[in-house]
Amino acid sequence: MWAACGCRLNWVIGCYRMKKNEKENVHSVSSLSAVLLIIAAVLLFDIVLKIDNSTPAPLKIADEKNYPDRFIAERAQNHLRQLTSIGPKVTGSYENEVLAVDFLKREINFIIQQSNRKQKIELDHQRVSGSYFLNYKPYGLVNVYDNVQNVIARISSAGSSNHSLLVNCHFDSVPTSPGASDDGINCVAMLEVLRVLSKQSTRPVHNIVFLFNGAEENPLQAAHGFIAKHKWAKEIRAVINLEAAGLGGKEILFQAGPGNRFLLEAYTNNAPHPHGHSAAEEIFHLNLIPSDTDFRIFRDFGHVPGLDFAFARNGYVYHTKHDSFEKIDLGSYQHVGDNLLAVVKALASSADLPTATLDSKEKSVYFDILFGLHIFMYSEQTAIVINTITIIISVLMFIKLLYDLRQSSLLEVIVNIFFSGIGQMVSIVLSFFVVILIAFILDQFNLTMSWYTRPKIIFGLYICPILLFLSIPVIIENYVIENISLSLGTRTQIHAHTSRMTWTFLLTVTTYFAIRISYIFLIPVLFNTISFIMISFLNLYYTRRTWLYVYLISLIIPTIVAMNMTALLFDIFIPILGRFGSNKNPDDFVGVLSVFGSLLIASGFIPLITLVKKPSTVIAGLLMTFFITLTCIAFTNYGFPYGDDASAPSPERFWIYHTNRVFHDATGNVRKQDSGYFLLNMDRNSPKSVEKFVPELKEAISIQTDCEQAVYCGLPIYISRMLTFHEDSTWIPAPPAVIHEPVTLKLMSKNKVSFTKVRYSFKSSGPDHYTIFLSPKPNITVTKWSFTPEIPEVTYQWHGRPTYFIMYGYGEQTDHWNFWIEMETPEHWTNPVMDIAISGKYTHHEKTQTEKYTEFLNQFPSWTHLTAWMANYHSWIY
């Protein structure tokens with residue numbers, strides 16, 4: 001196929017170059033110029049990456065005497081060293097419930113002792129229990145918690161204000177990580193901000209509440225406990241939430257509001273290093289990112305607006321042992337600390353804080369350009385006005401093109417515009433087609449995710465073919481209409497106009513539907529329009545080079561912005577694709593993202609291919625780069641997806657549960673009992689990638705029968721989001737796990753509430769993390785239960801029956817958990833009404849792993865990261 005295309009292309013290009021009249025030679029540029037332009041673009045992209053990853057110069061403790069009111073990064077770093085030295089801090093563990101809590105209380109008490117006498121600072125320690133429905137997409141869960149802990153400090157206002165600003169982090173971590181970035185760095189940043197504010201001689205206008213919550217990873221339990229039940233919760237008017245889904249670099253603002261423009265203004269006007277995009281917010285709300293933050297809890301249950309920040313780069317280490325203290329650059333502390341201190345000060349003195357409410361529906365568009373030097377922010381209404389004006393001017397300039405080219409044949413101009421537009425559409429369709437084709441072929445040959453550790457592979461593997469197919473229709477179109485009288489320069493300008501009209505169309509669509517990514521399309525349309533306004537009114541259409549220089553200068557800022565945005569998207573999403581599940585081909589996603597990024601960066605340059613004397617040189621270079629890249633990933637280790645470099649790890653993730661299972665029938669007898677290793681396959685290559693290291697994988701058996709007979713396939717699913725790919729899991733029979741704290745579920749009573757309603761009361765016990773899986777039989781409905789006031793809408797079906805995922809966790813240990821479920825049945829019903837299961841997760845019990853299980857885990861290569869627990873699953877039919 002490629003050879004045939006190459007021959008046809010050479011013929012087309014050869015025909016195209018046969019006619020070398022003087023007019024063509026005047027406007028043409030050498031192939032060397034094209035190559036130099038591509039090299040310059042690659043170097044510019046590298047410069048953009050380096051500048052974008054830069055952080056402010058950190059302040060040391062020795063600098064404090066010169067900057068008494070500044071955030072001191074080194075002190076925050078020292079705090080994080082102490083916090084992470086505790087190790088993983090799992091809710092329910094001694095490390096989290098005792099050591100981490102003691103550390104925070106000790107440091108806050110020390111700050112209070114050293115504070116200015118004019119300040120009033122209170123420390124509170126909350127233990128709280130509760131429950132609510134967490135509406136994850138696509139599958140939600142009921143979240144029940146007991147005795148989780150919060151450590152809270154409050155700086156009182158000068159005038160006994162009843163209004164408070166909340167600043168939130170979480171100090172717990174997942175079982176396999178010390179949690180340096182997620183979320184330790186933000187907690188120590190809060191400690192340092194609290195210290196700086198405590199030294200001030202004047203109190204804030206409004207109260208400032210610092211919430212260090214101890215159960216976010218459970219998920220999102222302690223934040224709910226605070227906003228639903230704490231004595232200071234009712235005075236909260238806005239929140240600054242601090243999170244992490246990566247490590248180091250700059251924190252990004254990715255959620256703001258809803259409404260309440262003053263929140264964004266406080267950030268844009270005061271943060272010294274602003275970094276945020278409303279496009280990130282729109283993408284986050286599409287549920288493409290399999291994570292969530294406490295911001296949801298404060299917004300949905302406390303009805304509190306706010307700002308949500310997160311470290312998002314280097315997501316490879318997220319929730320792994322590599323999220324360590326040593327890997328965080330000191331500049332990252334300074335970046336988040338400077339911004340946090342400035343915004344907290346601004347909001348704590350804001351006259352708008354007392355009136356903040358979720359009733360405000362106004363949304364804002366915000367984005368930073370030129371690497372955080374400035375962040376633009378305006379309302380949706382303003383965006384509509386700006387976009388509409390730009391669209392109108394863009395269209396008018398397109399119409400004016402016909403007038404400016406009046407010296408030429410109008411028919412020839414229209415023909416050129418028509419073929420140019422057709423070429424644009426064909427090239428875009430071909431680009432999407434070719435990346436999907438490449439992704440499919442790579443998947444068939446087990447070469448997916450070759451870019452995972454080395455994202456630069458994407459350039460040769462996807463971007464070069466995209467640029468090739470974006471360019472060929474333009475070259476062919478010039479060949480088709482070569483006999484018209486329009487000069488080469490004029491035809492190139494027409495291509496640039498039609499390229500702008502493509503972005504104008506997308507700008508129109510996103511403006512009409514009020515999608516807050518429209519600024520991505522606004523920038524190229526705006527600068528392209530300005531350049532052609534200058535070309536038109538200065539009468540530069542027929543100049544040899546002047547119009548080209550004006551046009552190239554107009555591309556500089558849009559190109560930098562596009563490179564910055566594209567790099568951000570790849571930085572965020574490439575690591576996420578390592579936990580996307582095995583049932584989706586991540587190369588499809590990367591290919592589509594590459595098309596978007598290529599169009600955004602290169603669409604302004606593609607029309608210039610018509611000026612190149614030998615475009616075959618450029619085409620050959622793109623083809624050669626593609627084939628060299630493909631050869632490297634197919635026949636060398638260069639394209640191996642994973643890496644164990646200690647300084648920049650990119651591990652393959654495995655969730656492995658050594659599981660004991662017992663299934664009961666409707667009579668209460670055991671119908672099946674077994675044990676094994678449950679592998680939740682987190683990416684496309686799992687478990688094929690480790691088959692030669694782990695021989696037990698050859699003994700894996702199908703779970704299809706279990707999926708037919710048991711809720712959630714009889715697997716100890718940890719969280720409802722895993723239901724999107726749990727049926728593709730691996731089950732390896734193995735000797736039983738040794739579990740010293742088994743789960744129990746006992747039916748205590750069965751009482752008729754009415755002729756058609758029966759209440760079942762249960763008593764359960766187990767480790768600090770366990771779940772209840774419930775599915776009513778056909779014709780049976782859950783009408784009430786003790787978990788939440790209302791029964792949530794069901795989205796996951798099993799055999800056409802609704803299923804409910806009830807998650808339970810505790811901080812300080814409880815003896816048992818009692819709950820009841822009320823079922824509605826047809827009259828005189830005597831058959832079973834439900835399938836119910838309980839599943840315990842032993843997340844910090846490594847010392848009780850069996851020798852066989854340890855040997856199994858030790859076989860996995862160094863480039864893997866294991867979340868290795870023990871679990872059980874017991875089911876009944878009642």
Taking Asp63 for the side chain and Lys60 for the main chain, is one N or O donor matched with an acceptor at less than 3.5 Å?
yes
With Tyr657, which residues qualify under ring pair (Phe, Tyr, Trp, His ring centres under 6.0 Å), at least two apart?
Phe678, Trp869
Derivation and outcome, ring pair (Phe, Tyr, Trp, His ring centres under 6.0 Å), residues Phe654 and Phe860:
CA-CA 10 Å; Phe654 286 89; Phe860 284 79; 5.3 Å; yes
Short question: side chain of Asn96, backbone of Gly214 - any donor-acceptor pair under 3.5 Å?
yes
Hey, is Lys584 close enough to Asp588 for a salt bridge, meaning N to O under 4.0 Å?
no
Side-chain touch Phe45/Ile601, heavy atoms, less than 4.5 angstrom
yes
Identify the two heavy atoms, one from Ile717 and one from Thr771, that lie closest to each other, and give their separation to 0.1 Å.
O-OG1, 3.9 Å
Geometric class of the His374/Phe376 ring pair [parallel <30°, tilted 30-60°, perpendicular >60°]
perpendicular
Students often mix this up, so state it plainly: with edges at 30° and 60°, are the rings of His224 and Phe301 parallel, tilted or perpendicular?
perpendicular
Hey, could you give me the CG/OG1 distance between Asn583 and Thr724, rounded to the nearest 0.5 Å?
6.5 Å
Return yes if some donor-acceptor pair links the side-chain N/O of Asp323 with the main-chain N/O of Ser181 below 3.5 Å, else return no.
yes
Is it true that a side-chain atom of Asp368 and a backbone atom of Gly276 form a donor plus acceptor pair closer than 3.5 Å?
yes
Take Tyr139 and Phe805 through the ring pair (Phe, Tyr, Trp, His ring centres under 6.0 Å) test and state the conclusion after the steps.
CA-CA 9 Å; Tyr139 308 122; Phe805 194 108; 9.9 Å; no
Does Ser177 reach the main-chain N or O of Thr320 with its side chain, forming a donor-acceptor pair under 3.5 Å?
yes
Could you check whether any side-chain heavy atom of Trp655 comes within less than 4.5 Å of a side-chain heavy atom of Met682, counting everything from C-beta outward?
yes
Which residues pass the side-chain contact (heavy atoms from CB on, under 4.5 Å) test with Ile515, sequence neighbours left out?
Glu282, Thr510, Phe513, Ile517
Does any part of the side chain of Glu216, heavy atoms only, come nearer than 4.5 Å to the side chain of Leu220, both counted from C-beta?
yes
Considering only heavy atoms from C-beta outward, does the side chain of Phe640 approach that of Tyr452 to under 4.5 Å?
no
Let's go through Ile297 and Phe226 carefully: what are the C-alpha distance in whole Å and the side-chain angles of both, what is the deciding distance for side chain to side chain contact (heavy atoms under 4.5 Å, CB included) to 0.1 Å, and is it a yes or a no?
CA-CA 10 Å; Ile297 301 301; Phe226 172 82; over 6 Å; no
Has Thr453 got a side-chain atom pairing as donor or acceptor with Pro641's backbone, closer than 3.5 angstrom?
yes
Distance, nearest 0.5 Å, that separates CD1 of Ile458 from OG1 of Thr629:
11.5 Å
Any donor-acceptor pair under 3.5 Å linking the side chain of Glu74 with the backbone of Ile61?
yes
Return the NE2 to CG distance between His335 and Asn339, rounded to the nearest 0.5 Å.
5.0 Å
If only atom types and distance count, is the side chain of Arg195 paired as donor or acceptor with the main-chain N or O of Met190 below 3.5 Å?
no
Which word best sums up how the rings of Phe573 and Phe589 line up, parallel for under 30°, tilted for 30 to 60°, or perpendicular for over 60°?
tilted
Can you confirm whether the side chains of His170 and Asn186 place a donor and an acceptor under 3.5 Å from each other?
no
Apply side chain to side chain contact (heavy atoms under 4.5 Å, CB included) to the pair Arg299 and Val304, showing each step before the final yes or no.
CA-CA 5 Å; Arg299 180 195 63 204; Val304 174; over 6 Å; no
What's the spacing between Lys250 NZ and Phe309 CZ if we round to 0.5 Å?
14.0 Å
Roughly how far, to the nearest 0.5 Å, is CG of Asn218 from OG1 of Thr843?
8.5 Å
Set of side-chain hydrogen bond (donor to acceptor under 3.5 Å, both in side chains) partners for Tyr642, sequence neighbours left out
Glu652, Asp683, Asn685
One pair to check against side chain to side chain contact (heavy atoms under 4.5 Å, CB included): Phe103 and Phe212. What are the steps and the verdict?
CA-CA 11 Å; Phe103 165 78; Phe212 302 84; over 6 Å; no
Given Lys50, which partner from the list Asp46, Val48, Asp52 fulfils the side chain to side chain contact (heavy atoms under 4.5 Å, CB included) test?
Asp46
Only counting residues at least two apart or in another chain, list the ones meeting side-chain contact (heavy atoms from CB on, under 4.5 Å) with Ser332.
Thr55, Ile185, Phe311, Ile328, Asp329
Heavy atoms only: give me the nearest Arg684-Pro586 pair and the separation to one decimal.
CB-CD, 3.6 Å
Asn269 side-chain N/O to Glu265 backbone N/O, donor-acceptor pair under 3.5 Å
yes
Side chain of Glu192, backbone of Ala76: donor and acceptor closer than 3.5 Å?
no
Flag side-chain contact, heavy atom, 4.5 Å: Glu281 against Arg516
yes
Would you give the length of the straight line joining atom CG of Leu288 to atom NZ of Lys137, rounded to the nearest 0.5 angstrom?
14.5 Å
Taking the side chain as every heavy atom from C-beta outward, state whether Tyr366 and Leu253 have any pair of such atoms under 4.5 Å apart.
yes
Heavy-atom count check: over 12 atoms from other residues, nucleotides or ligands less than 6.0 Å from Lys363 NZ?
no
Give the C-alpha distance, both sets of side-chain angles, the deciding distance and a yes or no for side chain to side chain donor-acceptor pair (under 3.5 Å) between Asp587 and Tyr462.
CA-CA 10 Å; Asp587 273 70; Tyr462 286 111; 2.6 Å; yes
Asn241: which residues meet the side-chain contact (heavy atoms from CB on, under 4.5 Å) condition with it, sequence neighbours left out?
Asn168, Glu243, Thr293, Asp294, Phe295, Phe298, Asp308
Are Arg81 and Asn78 close enough that a side-chain donor and a side-chain acceptor fall under 3.5 Å?
yes
For the pair Asp172 and Lys89, find out whether any cationic side-chain nitrogen is under 4.0 Å from an anionic carboxylate oxygen.
no
Side-chain heavy-atom pair Pro651, Trp863 within 4.5 angstrom cut-off:
no
Which residues satisfy the side-chain contact (heavy atoms from CB on, under 4.5 Å) test with Arg70, sequence neighbours excluded?
Leu59, Tyr67, Gln334, Asp338
Indicate yes or no: at least one non-hydrogen side-chain atom of Val90 is less than 4.5 angstrom from one of Glu95.
no
